[in-house]
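I have placed the structure first, in the form of structure tokens, so that the comments after it can refer back to it.
Bear in mind that the values here come from a model prediction, so they are computed numbers and not experimental data.
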Amino acid sequence: MPTKYIDEYEIEFSAAPLEGCALWGAYVAVFAPSTTPMHRIKIRPKRRVAVTQRFVDAASACAAAEAEAANIVASIKAGPTGRT
């Protein structure tokens, strides 16, 4: 599973073939840093980026998941009030 860092957040993004068709789904999980090196704090569990979006190949799905990860981190940083 590809991993990327956005600021201090660890992002895992992936693609998986969808059941019953030749298309792909995009998935993303977000983790925060921890004081323990062998432990990650799960901020957003792995889930499909958009249930209605389907992609023709794994690369397109991974690109969409990576883009959505940036949106997720931005919303986390904005906090519950929506301000940064």
- prompt: Between Lys46 and Glu12, does at least one N-O distance fall below 4.0 Å, as a salt bridge requires?
  reply: no
query: Under 4.5 Å between side-chain heavy atoms, hopping through other hydrophobics if needed: is there a path connecting Trp24 to Phe13?
result: no
- prompt: What about Val28 and Phe55, same hydrophobic cluster or not, with Ile/Leu/Val/Met/Phe/Trp/Tyr joined at side-chain heavy-atom distances under 4.5 Å?
  reply: no
query: Would you say Ile11 and Thr3 make side-chain contact, with heavy atoms under 4.5 Å?
result: no
field: Tyr27-Val51 co-clustered via ILVMFWY side chain contacts under 4.5 Å
entry: no
- prompt: For the atom pair CD (Glu10) and NZ (Lys42), what is the distance rounded to the nearest 0.5 Å?
  reply: 12.0 Å
- line: Heavy-atom closest pair (Val56 atom, Leu23 atom, distance to 0.1 Å) is CA-CD2, 4.0 Å
message: Side-chain heavy atoms nearer than 4.5 Å, only ILVMFWY residues, links allowed to pass through others: does that put Phe31 and Ile72 together?
response: no
From Ser60 atom OG to Arg54 atom CZ, the distance as rounded to the nearest 0.5 Å: 14.0 Å
- line: For Ala15 and Cys62 the tightest heavy-atom approach is N-SG, 3.8 Å
message: For Ala26 versus Ala61, what's the shortest heavy-atom pair and its separation?
response: CB-O, 3.1 Å
field: Donor-acceptor under 3.5 Å (Arg48 side chain, Gln53 main chain)
entry: yes
query: Counting N and O atoms only, with roles assigned by atom type, does the side chain of Ser34 sit under 3.5 Å from a partner on the main chain of Thr36, one being a donor and the other an acceptor?
result: yes
- line: Nearest heavy-atom contact between Ile41 and Pro33 is CD1-O, 3.4 Å
